[in-house]
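Start at 1 with the first residue, then count along the sequence.
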Amino acid sequence: MTRTLPPAVRRALVRDTMLQLAHDAEQALVIVRKDDHKAQLFETEEALLRTAVERYLVEAHTRRQWAGQIDRDWAFRRDGYANAATILRFCEFLGHPLPSTPAIDWLYEKALDELRPAGGPVRDRWAEVTVTYRLIRSLRAAGRPADALPMAVALSPEALFGSGAEPRAGDIQFEAGACLLELGQAAEVHSALGELSAYWESSEARSYSTRHRYGFILALADHATADTDKDATDRAVTRMTQASEHLRKLRIADTRHDVYELSLALTLAELLALTEDGNDRAVTLAAEALKTAERIRGRWGVISRARTPLSTAFRRIYGDIALLADTLRGPEAAEVGLRVCLAAKQTGLAAQMRAEASLLPTQLEGLIDEVLRAERVAALDETADADKLPEQRETQDGTLATLHRRIEKRVNPILAEMTLPTPTDLTALRRAVGARYALDFAALPESLTTGTNWFRSLIAPGEGVLFARFDPGDQLTDYVASRRARDPEVPFDLDLGAPDWYRLAVDLLPVELRRRLDAVTDDPLELVISAHQDLCLVPWAALMLDRGGTRLVHRAVLTHTPVLTCLSESPPPVVTGPALVRLVSPAEGGPSVLLDREAWDLESVEGRVPLSLCSLDGRQTTSDAYPRISVALRHGTECGLIHIKAHGEGHGLDQHLLLPEERDTNGQLSAAYALALRWPTSALLVSCRVGAVTNVEDIEPVGLVVAVLTGGGRCVAAAIEEVAKLPTSRMAAHLVGLIRQSGSGIRLDHALRLAQLHFLPSESVANWALFNAYVR
């Protein structure tokens, strides 16, 4: 019945329920982590959630009273049932139900049975109120407001008297009002709850921080009548403002209060956005909501893109903030939009590396463990003085900042940013972008509907941020579907399905950017692209700017980056020598290397081209300079370029090049192993798929390219999917020729563009457009 409510009310109810469930589920996980050292070893949040439920159920079933003795285990059984139910409801609400589990309502009822022994008094009134409140919330979250409403009404302030749970009255009244709203009875919320205002004016209740929940639900009821009352939204804003001020004034050092604050700030901002003069206040609140969300996410140790319920919750919050920013006016609103998209795409590489620790070189294992320890924050003492909360946050932030600087100095800036991402500093980001244009994309879910919304941000030199929601169009959907459905046994389609490249450009590129590109005459624009989800499969160089055949690569030097926050302050340097060259020939199980070998003036020895050190001017070549690439790069070399041609396979940290001499790693040079090597500033990887930096919703953008950038590379040229053998050899050989013929040096991304332009008139799209240049 919630379909009769205004979108802002429906969104507020769904989001608040999600946040409250997330908080209680996370608190249950904290208990498991604290009490069970084995819980620290679980590789994923999902595994921990499953194990937590199993543990709580075991706890509930195995603790039994002994005949003739006092039952001292009822509290353990109560907590076991209630915590298992809370985790299960949260997972189900987020669309991640855990398999083979008991009925959630039954678990809550069992917890209440432990509190209400037959023939005896209630054992713990505070716990009884808390568990009953969670059952009410669970029923409403399951779409059963009619079943939840009588229970919420029964928990009146009088019923709570003397229980110690009197402050929960605000939460319970919120649930009662939410049930009425979801039953389509918005007009009855005030009549049902209005008389309680006298209770909240009493001397004791007036000081409860949870009083804001009473004002919150009445404000939603106000706005729910906006279609028949033109002043309803203004009344809702006034009431929400008062609730917000009350919470800010009387909040306590309770982890739930961050969630209260986030829910309230976002809803108030969304209501303000609907008024004539609320834009500026809404922008300020949106920025505060983002800051609060990042603080909660940091404390909970959530990887925003993991395939888990907590991560899903944060992506939806980020999606709501992005939608809000799109409706607001002014440069500050655009900056909030960009910041939230960057926050949603920031990596949790440390946790993923910990999950795949068996793939990591030993020298990185200790560092990753240190990062995870630094990120892990103990649960706050709910009875602590309120001043302790900012002190703990300040200490934690200082620890993380110190470790971030140490990783940046000793290893690499990109590893520091990917393992310990920090909130985006837009001033620093603009400085890093410099004279380049930067285009960021993000596809985010939201609280209210299924699916995703697309957002894009444009940073132009010397100007502000342009941020907007956009529709990527049917051409992208059809193109991606055709690429993913491709049968590997069928000959490769060199025209890539022949999409409408002009229509794709119109759909994907902002009007302002296309206007700037149209004005280019001589020097091309420098454009950095941070793609996301389906856009990672797009060969951007092939996009057409007009029906006359002008491709994007004609007007721009295209570079790509997993996340804009990983950008260095200067573009890639020119390629310098010597070059470390490894061409795995057909005799060693590799592709054809004839044209590549000739480009470097290398000889073949019994069909094998040994690992060689080549000067760019062709005057000196040293074959078998090192036994293998891993040895050459372990401590760094004097090389400015590495060129590898070999077969590439795999995904994520397991993505690898097949190099037979790497016997210690089964003939593979994997992304995980590459993280520990010191790479030259320029890298040309002529292999299928290793340039596919899959920056999608629930997978970190990790692969061989990212590993090379993390290990010191400044620019990597690689193919984003399978490429044809002979055209690829021609492309690589021409690119090497450009590098060697450039007397003053040339950047690798510039050389790639010139090579693509050289083959563009005569070659099929796949033969030149599937190579990307990635930078940091």
Side-chain angles (χ1 to χ4, degrees), residues 12 14-31 33 45 48-49 86-87 90-91 93-94 171 209-210 212-213 216 244 247-248 251-269 285-306 308-322 324 336 339-348 351 372 374-382 384 386 388-397 399-400 420-424 444-447:
V14 171
R15 181 173 57 230
D16 186 84
T17 302
M18 177 181 70
L19 283 170
Q20 300 299 327
L21 287 169
H23 171 271
D24 291 345
E26 198 276 335
Q27 289 296 97
L29 293 181
V30 166
I31 296 171
R33 290 190 184 104
E45 178 193 297
L48 179 58
L49 285 164
T86 297
I87 293 172
F90 171 59
C91 292
F93 189 77
L94 269 293
D171 291 313
S209 63
T210 50
H212 80 276
R213 300 286 283 172
F216 191 170
S244 180
L247 175 61
R248 194 180 299 273
R251 65 167 293 158
I252 60 176
D254 180 340
T255 55
R256 184 183 303 278
H257 281 61
D258 275 343
V259 169
Y260 285 152
E261 188 178 295
L262 176 58
S263 182
L264 201 59
L266 262 179
T267 302
L268 177 53
L285 283 168
E288 290 178 358
L290 175 57
K291 186 176 180 179
T292 303
E294 290 177 327
R295 186 169 67 230
I296 298 172
R297 172 183 148 189
R299 190 177 68 236
W300 290 358
V302 175
I303 308 170
S304 62
R305 284 184 293 186
T308 65
L310 284 172
S311 300
T312 299
F314 273 95
R315 284 199 299 274
R316 292 182 184 178
I317 293 298
Y318 289 145
D320 283 0
I321 299 174
L324 174 61
V336 170
R339 282 176 51 212
V340 73
C341 289
L342 293 175
K345 291 168 61 177
Q346 279 184 324
T347 75
L372 294 177
E375 287 183 318
R376 191 174 297 126
V377 181
L380 295 175
D381 181 1
E382 296 187 5
K388 200 163 188 176
L389 189 63
E391 290 176 7
Q392 289 187 1
R393 288 178 184 147
E394 185 176 349
T395 300
Q396 178 71 12
D397 291 344
T399 300
L400 294 175
L420 280 173
T422 55
T424 302
L444 301 176
E446 57 167 300
S447 295

Is there a side-chain contact (heavy atoms from CB on, under 4.5 Å) between L49 and L310? Walk through the geometry before answering. CA-CA 10 Å; L49 285 164; L310 284 172; 5.9 Å; no
Close side-chain approach of E26 to F90, heavy-atom, < 4.5 Å: no
Quick one: does T292's side chain have a donor or acceptor within less than 3.5 Å of a partner on E288's backbone? yes
For the student: nearest non-hydrogen atoms of D16 and S263, plus distance: OD1-OG, 2.7 Å
How long is the straight-line distance from CD1 of I252 back to CG of L247, given to the nearest 0.5 Å? 10.0 Å
Minimum heavy-atom separation for L94 to P309, with atom names? CG-O, 3.8 Å
Sorted by chain and number, sequence neighbours left out, side chain to side chain donor-acceptor pair (under 3.5 Å) with E294 holds for none
Could you state the interatomic distance from CG (D258) to CZ (R251), rounded to the nearest 0.5 Å? 5.0 Å
To the nearest 0.5 Å, atom CG of L285 lies from atom CG of L268 at 5.0 Å
Rounded to the nearest 0.5 Å, the CG atom of L19 sits from the CD1 atom of I296 at a distance of 7.0 Å
How about L324 and V336: do any of their side-chain heavy atoms sit closer than 4.5 Å? no
Working to the nearest 0.5 angstrom, can you tell me the gap between D24 CG and L29 CG? 11.0 Å
State, to 0.1 Å, how close S244 and L264 come at their nearest heavy-atom pair, and which atoms those are. CA-CD2, 3.4 Å
List in chain and number order the residues that pass side-chain contact (heavy atoms from CB on, under 4.5 Å) with V14, two or more places apart in sequence or in another chain; answer none if no residue qualifies. F93, S447
Closest contact, heavy atoms only, G319 versus L444: CA-CB, 3.8 Å
When rounded to the nearest 0.5 angstrom, what distance separates CZ in R256 from OG1 in T210? 10.0 Å
Sequence-distant partners of R339, side chain to side chain donor-acceptor pair (under 3.5 Å), two or more places apart: none
Under the rule for side chain to side chain donor-acceptor pair (under 3.5 Å), what residues qualify as partners of R15, not counting sequence neighbours? T267, E270, D320
Do the ring planes of H257 and Y260 sit parallel (below 30°), tilted (30 to 60°) or perpendicular (above 60°)? perpendicular
